[in-house]
Amino acid sequence: MRTRFYNPSKLEVNFARAIKDLTQQLEKKLDEGEKVINTESIHHTDNPMVIFKLQDKEGDLHEVVVQFIQRPDNLVKQE
């Protein structure tokens, strides 16, 4: 079945939720002393995003934004 709605698509939203749910596993991949302080999800907008607020070893705060963009079916190359 072809995707009809991309703004946002159900696949984008579900994938964004899945990434947010992996926050604890992602934090384990950071260097010692670095941690995830908070996550914010924005799912019901074109190109959903998950914003991770991080703290580095020195105690400085940073934000990493992961934005999800699904390409239309006709742009996806078959391998």
Side-chain angles (χ1 to χ4, degrees):
M1 176 196 228
R2 295 285 174 188
T3 303
R4 293 185 181 156
F5 303 103
Y6 288 95
N7 297 324
S9 75
K10 185 176 179 182
L11 184 59
E12 284 176 326
V13 171
N14 288 341
F15 201 81
R17 285 187 174 132
I19 294 297
K20 183 182 185 301
D21 290 346
L22 293 172
T23 298
Q24 289 182 334
Q25 289 90 331
L26 293 170
E27 185 175 48
K28 291 177 184 178
K29 300 291 185 178
L30 299 175
D31 288 341
E32 187 176 330
E34 299 173 338
K35 59 185 175 179
V36 178
I37 301 299
N38 189 36
T39 57
E40 178 185 355
S41 297
I42 303 171
H43 294 302
H44 299 292
T45 184
D46 186 17
N47 307 127
M49 58 182 118
V50 179
I51 302 168
F52 294 89
K53 185 170 279 188
L54 308 172
Q55 186 175 40
D56 65 19
K57 296 173 189 179
E58 291 80 32
D60 297 329
L61 294 178
H62 304 273
E63 285 187 349
V64 172
V65 179
V66 180
Q67 190 168 27
F68 300 88
I69 302 169
Q70 182 180 354
R71 291 184 175 162
D73 295 342
N74 63 335
L75 295 180
V76 177
K77 296 178 184 176
Q78 299 296 323
E79 295 184 31

Could you pull out every donor-acceptor pair under 3.5 Å between side chains of residues 17-32 and any protein atom, sequence neighbours left out?
| residue | atom | partner | partner atom | Å |
| --- | --- | --- | --- | --- |
| Lys20 | NZ | Thr39 | OG1 | 3.4 |
| Thr23 | OG1 | Lys20 | O | 2.5 |
| Glu27 | OE2 | Val36 | N | 2.6 |

ring-ring contact (aromatic ring centres under 6.0 Å, His included) with Phe68: which residues, sequence neighbours excluded? Phe15
Not counting sequence neighbours, list each pair that qualifies as a ring pair (Phe, Tyr, Trp, His ring centres under 6.0 Å) and has a residue in residues 22-55. none
Of all heavy-atom pairs between Val50 and Ser41, which one has the smallest distance, and what is that distance? CG2-OG, 4.3 Å
Looking only at atom types and distance, does a side-chain atom of Glu12 sit under 3.5 Å from a main-chain N or O of Pro48, one as donor and one as acceptor? no
Quick one: side chains of residues 54-61, donor-acceptor pairs under 3.5 Å with protein atoms, not counting sequence neighbours, listed by atom name and distance.
| residue | atom | partner | partner atom | Å |
| --- | --- | --- | --- | --- |
| Gln55 | NE2 | Gly59 | O | 3.4 |
| Asp56 | OD1 | Glu58 | N | 3.0 |
| Asp56 | OD1 | Gly59 | N | 3.1 |
| Asp56 | OD1 | Asp60 | N | 2.9 |
| Asp56 | OD2 | His62 | NE2 | 2.8 |

Considering only Ile, Leu, Val, Met, Phe, Trp and Tyr, and joining two whenever side-chain heavy atoms are under 4.5 Å apart, list the other residues clustered with Leu11. none
Under a side-chain separation threshold of 4.5 Å, the hydrophobic residues clustered together with Met49 are Ile42, Ile51, Val65
